[in-house]
Amino acid sequence: MTLLSDLKQIILEKIPYFPYVACGTYRKRLLCVLCGFLLINCGPSKELLVAGRVYEFPDRRWVPEPPAKEPDPDYDFVDKTVLEQMESVFDFPRTFRWMTGNPKQANNIDAFDEVGNSSWFTNRVRTITLEEALRGPDTVDGPEMTHPWEVAGVKTQGVTPGFRIKDSRGDLYLLKFDPPAFPELATAAEIISTKLVHAAGFNTPENYLVFFTEEQLVIKDEITLVDEFGNERILTPEDVMSVLERVTRTSDGKFRAVASKFLPGGLVGPFSYVSRRKTDLNDVFRHEHRRELRGLQPLAAFINHNDIRRINSLDIYMPEGYVKHYLIDFGSTLGSVNFRSEGFEYIIDFGTITKAALSGGAYKRPWRRYNQESNFTSIGYFGVDGFNPEKWRPSYPNMAFQRISNRDGFWGAKLVMSITDEMIHGIVAQAKYSDPRAADYMIATLIKRRDIIGRYWYGKVSPLDRFSIIPSDVGQQITFVDLAVEIGFEQRQETSYRTHQLVYNNFGGRDKKLLNSKNNGISHTTDGTTTTMTLSPELLGKIDALCRDKETPGDRLFYLKIDTHRTSKNWKKSVRLHLHYVNRAEGFVLAGVERLD
């Protein structure tokens, strides 16, 4: 074996997170190989190199507990809204990539354009059931109600007051209420969005909807209260009643609140959507280049999570000795902030300011052109009029969202589309709207926004998915599903597929095209939503003859390009399958999936 072959063998066996790169020149390929060789000890085991398997990324290894760090919210606002945006203007490499349509792709994807299970994300959408989606992150049924709750702290400032309580099991919860003028608004949003975000695969706290009377709250120990003047004193029952008097009661005289269970482990602080936490040795990818955080954008647009920023995240040092990353505080989703501009522009939007200035005030801001008012005090501004997944904006710039590529968006849209109508009906029912019309409006709006997101992102890249390779009596078959056709966004009769190229990926030499655009040797049929492409025995014999004297897996790599055409739209997108030829008996195995923008 040559040195180059040895290096290729090591890379293919040791580094599944080093995807095969079809570089155009020998020098580039050699550089990829050498770079991979330097990273040999950084990757997980070769067992991950199997298509369709859920990977476990090794970021839950024991590390020393990072020091807790709480960012200043005022500085964070200025930093994200002004300073980072100015810095982006002078990021010339990124600007050049954006202008040439070649954005930097996410760093932590595997060879199949997916991400593994990690301390950030869990692949639930592949197997989640309706019961699991409705259960969400919950491990109990909420605070134990048969005994009084001990008040462990109180929040008297701000629009909505709150309590920290401990139930008879010793579990700590934070009680959060609705704004006085908008009963059910924030609590319903918290319950619904928690379950939706968790079903999509992200880590969330356990949030429970509770109804109670003032007798449920007791004071056992001396609790220090800081009043509106900054004075400290001991909390009294009168103080508790003073807080509750600001809360609207339900029709049966009870208080409605969300009980958010405290997360287990040590508090590390919020995570940033840019850079990484250098004191966490498992945090190896810059956050703005993580697929989970970029691909979170379609989900945030789905629930109109306008306040998705650093202060609404939390890192916890788990008892097992690693840092787990949570999204928290969903009380401002689903229109509950009650600003008409939600989802249309940043709080300080330099693009809007520039357009207004250049037009002499004639520019009409987007949110003024559309009406997303729900006409329910329990929902606020949340609708589909003017909703555009591409132009959706949170209230604060998010560096990960600003770097989203079409592949990231497609991945995130698959998470959103995995949330079924039945899941949405069941989750909204848990919010217990007193007006059934409000629940019906919320269900209909979520379904419409979900489909708008899926239709948009499924059109940005080839939506072929769920690839598999199976043996057959007539050769070897490659099967896949067109997600856009499966869901009904596109018509089967207006869609066609073509195998454009089958290329021998000759490491260290010129690629050899074995199949031209006439599809010689490959036929395909479609049954329902599943398409099967068959590689003829003659073609497999030709491939076997080519690979017979090749000693390493690196010398048996091929790629097959599949084009998808929509005749009514003059639309075409492609996906490239990376294939590893084993032998005549076993044929090909799938080694990677590459979506071509």
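Note that these values count all heavy atoms, side chains included, but never hydrogens, waters or copies made by symmetry.
Between H425 and I447, some side-chain heavy-atom pair lies under the 4.5 Å cut-off. Side chains of Q105 and R407 form a contact here, defined as non-hydrogen atoms less than 4.5 Å apart.
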Would you please test D138 and K261 for salt bridge (Lys or Arg N to Asp or Glu O under 4.0 Å) and show each step?
CA-CA 9 Å; D138 302 347; K261 189 177 181 182; over 6 Å; no
Set out, in order, the CA-CA distance, both residues' side-chain angles and the distance that settles salt bridge (Lys or Arg N to Asp or Glu O under 4.0 Å) for R466 and E486, then state yes or no.
CA-CA 12 Å; R466 303 206 291 271; E486 180 183 52; 2.6 Å; yes
Show the numbers, then the answer: is there a ring pair (Phe, Tyr, Trp, His ring centres under 6.0 Å) between Y456 and F489?
CA-CA 10 Å; Y456 172 78; F489 294 153; over 10 Å; no
Applying salt bridge (Lys or Arg N to Asp or Glu O under 4.0 Å), run through K414 and D465 and close with a yes or a no.
CA-CA 10 Å; K414 288 197 296 181; D465 204 46; 3.4 Å; yes
So M399 and H289, side chain to side chain contact (heavy atoms under 4.5 Å, CB included) or not? Walk me through it.
CA-CA 9 Å; M399 294 290 276; H289 298 315; over 6 Å; no
Candidate pair W392 and N304, rule side chain to side chain donor-acceptor pair (under 3.5 Å), full reasoning
CA-CA 9 Å; W392 180 85; N304 203 21; 2.8 Å; yes
For E292 and N108, what are the C-alpha separation, side-chain angles and deciding distance, and is it a side chain to side chain donor-acceptor pair (under 3.5 Å)?
CA-CA 9 Å; E292 308 97 317; N108 66 320; 2.7 Å; yes
Let's go through T122 and N117 carefully: what are the C-alpha distance in whole Å and the side-chain angles of both, what is the deciding distance for side chain to side chain donor-acceptor pair (under 3.5 Å) to 0.1 Å, and is it a yes or a no?
CA-CA 5 Å; T122 303; N117 293 341; 5.0 Å; no
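The backbone N or O of E190 lies less than 3.5 Å from no partner atom in the side chain of S193, so there is not a single donor-acceptor pair. Proximity of a side-chain donor or acceptor of R294 to a complementary backbone N or O of E288 within less than 3.5 Å is detected. Here the side chain of R595 pairs a donor or acceptor atom with the backbone of S462 at under 3.5 angstrom. D280 contributes no side-chain N or O that, together with a main-chain N or O of P66, makes up a donor-acceptor pair within less than 3.5 Å. Proximity of a side-chain donor or acceptor of E206 to a complementary backbone N or O of T139 within less than 3.5 Å is detected. Proximity of a side-chain donor or acceptor of T495 to a complementary backbone N or O of R566 within less than 3.5 Å is not detected. With hydrogens and angles ignored, the 3.5 Å screen pairs no side-chain donor or acceptor of R61 with any backbone N or O of N282. The main-chain N or O of L134 is found under 3.5 Å from a side-chain atom of Q430 such that the two form a donor-acceptor pair. Remark: side-chain polar atoms of Y317 are paired, donor with acceptor, to backbone N or O of V63 under 3.5 angstrom. Using a distance-only test at 3.5 Å, with no hydrogens or angles considered, a donor-acceptor pair links the side chain of S374 to the main chain of G380.
Distance check: K561 NZ to S574 OG gives 4.5 Å after rounding to the nearest 0.5 Å. Note that the CZ atom of F121 and the CZ atom of R290 stand 11.0 Å from one another [nearest 0.5 Å]. Interatomic distance, W411 CH2 to W457 CH2, rounded to the nearest 0.5 Å: 13.0 Å. Atom-to-atom distance recorded for L590:CG and I469:CD1 is 5.0 Å, nearest 0.5 angstrom. Considering CG of L415 and CG of L196, their distance stands at 12.0 Å, rounded to 0.5 Å. Between the CD1 atom of I311 and the CD1 atom of I328 there is a distance of 8.5 Å, given to the nearest 0.5 Å.
W120 has its ring centre less than 6.0 Å from the ring centre of H287. Ring centroid separation for the pair F271 and Y326 does not come in under the 6.0 Å cut-off. Ring centroid separation for the pair F558 and F588 comes in under the 6.0 Å cut-off. A centroid separation of less than 6.0 Å is found between the aromatic rings of F410 and Y458. Between F302 and F387, the ring center distance fails the sub-6.0 Å criterion. Ring to ring, Y173 and F262 are not that close: their centroids are 6.0 angstrom or more apart.
Each of T204, T194, N207 was evaluated against S260; a single residue qualifies, N207, per the side chain to side chain donor-acceptor pair (under 3.5 Å) test. Between R291 and the choices D408, N107, D110, the side chain to side chain donor-acceptor pair (under 3.5 Å) rule is met once, by D408. The only option from D315, D59, D283 that meets the salt bridge (charged side-chain N to carboxylate O under 4.0 Å, His left out) definition with R277 turns out to be D315.
Neither side chain, E320 nor Y322, offers a donor N or O lying under 3.5 Å from an acceptor on the other. For T479 and S468, the side-chain atoms include at least one donor-acceptor pair closer than 3.5 Å. Side-chain atoms of D482 and Y497 include a donor-acceptor pair closer than 3.5 Å. Side chain to side chain, S395 and N306 meet the donor-acceptor criterion of an N or O pair below 3.5 Å.
A salt bridge between D421 and R450 is present, with a side-chain N of the basic residue lying under 4.0 Å from a carboxylate O of the acidic one.
Figure legend: R576 and Y559 shown as a cation-pi pair, the cationic atom lying under 6.0 angstrom from the six-membered ring centre and within 45 degrees of its axis. The cationic group of R309 lies under 6.0 Å from the six-membered ring centre of Y396 and within 45° of the ring axis, placing it in a cation-pi geometry.
For the residue pair A199 and V125, the shortest heavy atom distance occurs at O-CG1, 3.8 Å.
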